[in-house]
Amino acid sequence: IESMNTVLDDNKKICLSSGEIIAMSPYMTMVFEVEDLAVASPATVSRVGTIFMEPDKVVGTDAQIDGWLLELDPAIQPHGPRLGELLKQILPGTLQFVRKNAREYVPTVDNNLVASTLRVLSTFWWHFIPVEGRYEVSEELTAALPRLLEKLVVFSVVWGAGASTDAASRVKLDVYLRERLTELQIDNLVGLPKHTSVYDVALLLEEKRWVGWMETIATFTLSPKTEFHDIIVPTLDSVRYMWVLEQLATHERHVLAVGPTGTGKTLNVINKLMNGMPDKYGPVFVGFSAQTSANMTQDQIDAKMDKRRKGVYGPPSGKKYVIFVDDVNMPQREEYGAQPPIEILRQWMGHGGWYERKSWEFRKIVDVSFIGAMGPPGGGRQVVTNRFLRYFNFIAFPELEDASMKTIFSVILHTFVEAHLPETLLPLCELLIDASIKLYNSLLKGLLPTPAKPHYTFNL
């Protein structure tokens with residue numbers, strides 16, 4: 001950065017380490033676009049004029065929504081004005097509420113939460129867009145769309161703007177959203193169930209109604225022969241997060257699972273990619289550590305790609321890849337604060353590919369979506385630049401709720417007792433589980449980590 005100083009002077013000369021001096025022509029100027037000036041010296045800053053672009057004033061929510069409406073498919077276009085109206089009534093207030101009253105595991109920017117909401121909403125449109133020779137839209141579904149708009153917008157706001165928050169914030173956001181819908185007099189059109197959170201219900205388009213997430217899957221039965229480390233019991237949390245993840249990944253959107261250690265981010269995502277995705281989606285697993293380099297990341301992903309045509313690479317024909325990057329925020333920072341493996345992924349997301357290092361040919365990479373998992377910054381985990389995070393939809397995995405823990409242990413313990421122990425012990429299972437969870441919760445509150453006992457961080 002310091003070597004730029006001579007270029008920024010009036011003589012506009014760049015001095016290379018080889019001793020060569022290159023002069024810029026009078027018509028050439030330099031423009032930098034940066035997030036902050038953390039690594040710029042006063043010598044550099046004093047040579048440039050600085051313009052601060054305030055996010056809300058320069059772009060703002062309304063402009064993003066208007067831009068998105070212009071790109072709607074012709075089949076959805078007639079409903080654009082109503083969609084725009086609903087989004088502008090609900091979204092700005094929700095963003096304000098998230099900023100003032102909610103806690104996020106990883107800080108987000110408003111523009112990204114708006115874009116995330118619009119991405120979730122876009123994933124529903126395929127139901128209403130006919131594809132010649134492959135998919136016809138029923139007249140009943142087409143006629144139902146105007147009555148579904150309010151429900152679709154509310155669902156998208158919950159899982160776009162409200163998905164990055166922790167469990168306590170979600171309770172507050174549920175109350176706020178219900179009050180806002182009543183204020184706008186559209187609560188009857190949305191028809192949310194009364195005694196349950198907005199996060200606990202899924203929208204069934206065919207039946208035009210809300211149902212609990214657990215009703216969207218078949219009843220789970222566990223085989224007593226399953227190895228303990230292979231047991232994955234579906235809970236309310238895992239079912240809803242994986243549904244949203246599949247919805248986004250199958251539309252080539254990128255998803256970031258964030259949350260504390262031990263909440264099942266990696267386990268659930270790997271299980272979903274291995275067993276729960278449509279056949280044409282193949283998983284690619286990449287793990288980051290403190291020592292991961294950009295070259296290693298590039299080589300690892302390039303090795304999986306086939307050549308489609310000159311300069312274009314991708315999965316085998318007819319397939320799509322979902323690349324899962326675990327521990328996204330682990331790589332060490334270099335001298336000027338960047339994390340090279342993250343920058344190479346950001347180049348792919350922003351420009352659709354990267355340069356082949358031997359021939360310097362640009363490789364376009366197609367038919368790929370990314371899923372990342374990371375814990376909150378701290379303890380070796382870095383703060384990741386918003387330039388990278390803006391491409392993702394966040395899904396926060398809060399600490400497991402008591403009901404989810406009870407579901408998991410009930411299935412495991414009941415299966416074990418039925419297979420190996422007398423039936424008379426079955427009534428004791430519930431009592432044993434309740435007592436264990438109560439003890440676990442009291443440990444969490446009473447035995448907090450201290451400088452002398454930093455290992456006191458309990459999770460499942």
Side-chain angles (χ1 to χ4, degrees), residues 54-69 79-124 148-194 196-203 210 213 240-241 243-244 247-248 253 255-256 258-259 386 389-390 392-398:
E54 199 174 349
D56 298 343
K57 303 288 182 286
V58 176
V59 181
T61 307
D62 285 6
Q64 271 183 286
I65 293 169
D66 291 338
W68 177 77
L69 292 172
H79 307 288
R82 179 62 180 149
L83 279 169
E85 186 189 352
L86 286 167
L87 286 163
K88 286 174 187 179
Q89 285 173 335
I90 300 171
L91 201 46
T94 307
L95 293 179
Q96 214 172 349
F97 187 87
V98 168
R99 289 287 162 259
K100 285 186 176 170
N101 304 294
R103 181 177 158 267
E104 296 177 311
Y105 291 111
V106 175
T108 56
V109 290
D110 286 358
N111 289 358
N112 186 25
L113 293 185
V114 174
S116 297
T117 302
L118 301 176
R119 285 193 285 257
V120 174
L121 192 46
S122 300
T123 61
F124 287 105
L148 283 168
L149 294 178
E150 289 81 7
K151 290 182 171 67
L152 290 170
V153 167
V154 169
F155 184 88
S156 305
V157 168
V158 169
W159 289 105
S164 59
T165 54
D166 66 1
S169 305
R170 289 180 180 186
V171 176
K172 296 183 211 165
L173 196 57
D174 173 52
V175 174
Y176 166 78
L177 265 174
R178 287 173 187 276
E179 285 173 358
R180 182 70 181 136
L181 295 177
T182 310
E183 209 177 289
L184 295 167
Q185 298 179 347
I186 55 171
D187 49 330
N188 291 332
L189 289 170
V190 177
L192 283 166
K194 288 273 189 296
T196 181
S197 166
V198 289
Y199 289 91
D200 295 347
V201 286
L203 179 60
W210 301 95
W213 282 109
R240 59 188 172 185
Y241 302 148
W243 187 91
V244 176
Q247 186 86 341
L248 289 160
R253 306 297 188 186
V255 182
L256 189 64
V258 295
N386 279 322
L389 298 179
R390 75 186 183 89
F392 289 92
N393 270 55
F394 283 63
I395 300 179
F397 282 63

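Residues: numbered from 1 along the sequence shown.
Side chains of Leu121 and Leu83 form a contact here, defined as non-hydrogen atoms less than 4.5 Å apart. Side chains of Val114 and Asn111 form no contact here, defined as non-hydrogen atoms less than 4.5 Å apart. No side-chain heavy atom of Leu95 sits under 4.5 Å from any side-chain heavy atom of Pro92.
In summary, the side chains of Arg99 and Thr108 do present a donor paired with an acceptor at a separation below 3.5 Å, with no hydrogens or angles considered. Counting only N and O atoms by type, the side chains of Thr165 and Glu104 include no donor and acceptor under 3.5 Å apart. A donor and an acceptor atom, one from each side chain of Trp68 and Ser122, are located under 3.5 Å apart. Side-chain contact annotation: Arg119 with Asn393, donor-acceptor N/O pair under 3.5 Å present. A side-chain donor-acceptor contact under 3.5 Å links Ser169 and Asp166.
Test Ile90, Leu86, Val120 against Ser156 for side-chain contact (heavy atoms from CB on, under 4.5 Å) and you get one pass: Val120.
Partners of Ala396 under the side chain to side chain contact (heavy atoms under 4.5 Å, CB included) rule, at least two apart in sequence or in another chain, are Tyr105, Arg170, Val258.
In plain terms, the two heavy atoms of Leu113 and Ser164 that are nearest each other are CD2-OG, 4.1 Å.
Using a cutoff of 4.0 Å between basic side-chain nitrogens and carboxylate oxygens, Asp66 and Lys88 are scored as salt-bridged.
Ring centroid separation for the pair Phe155 and Trp243 comes in under the 6.0 Å cut-off.
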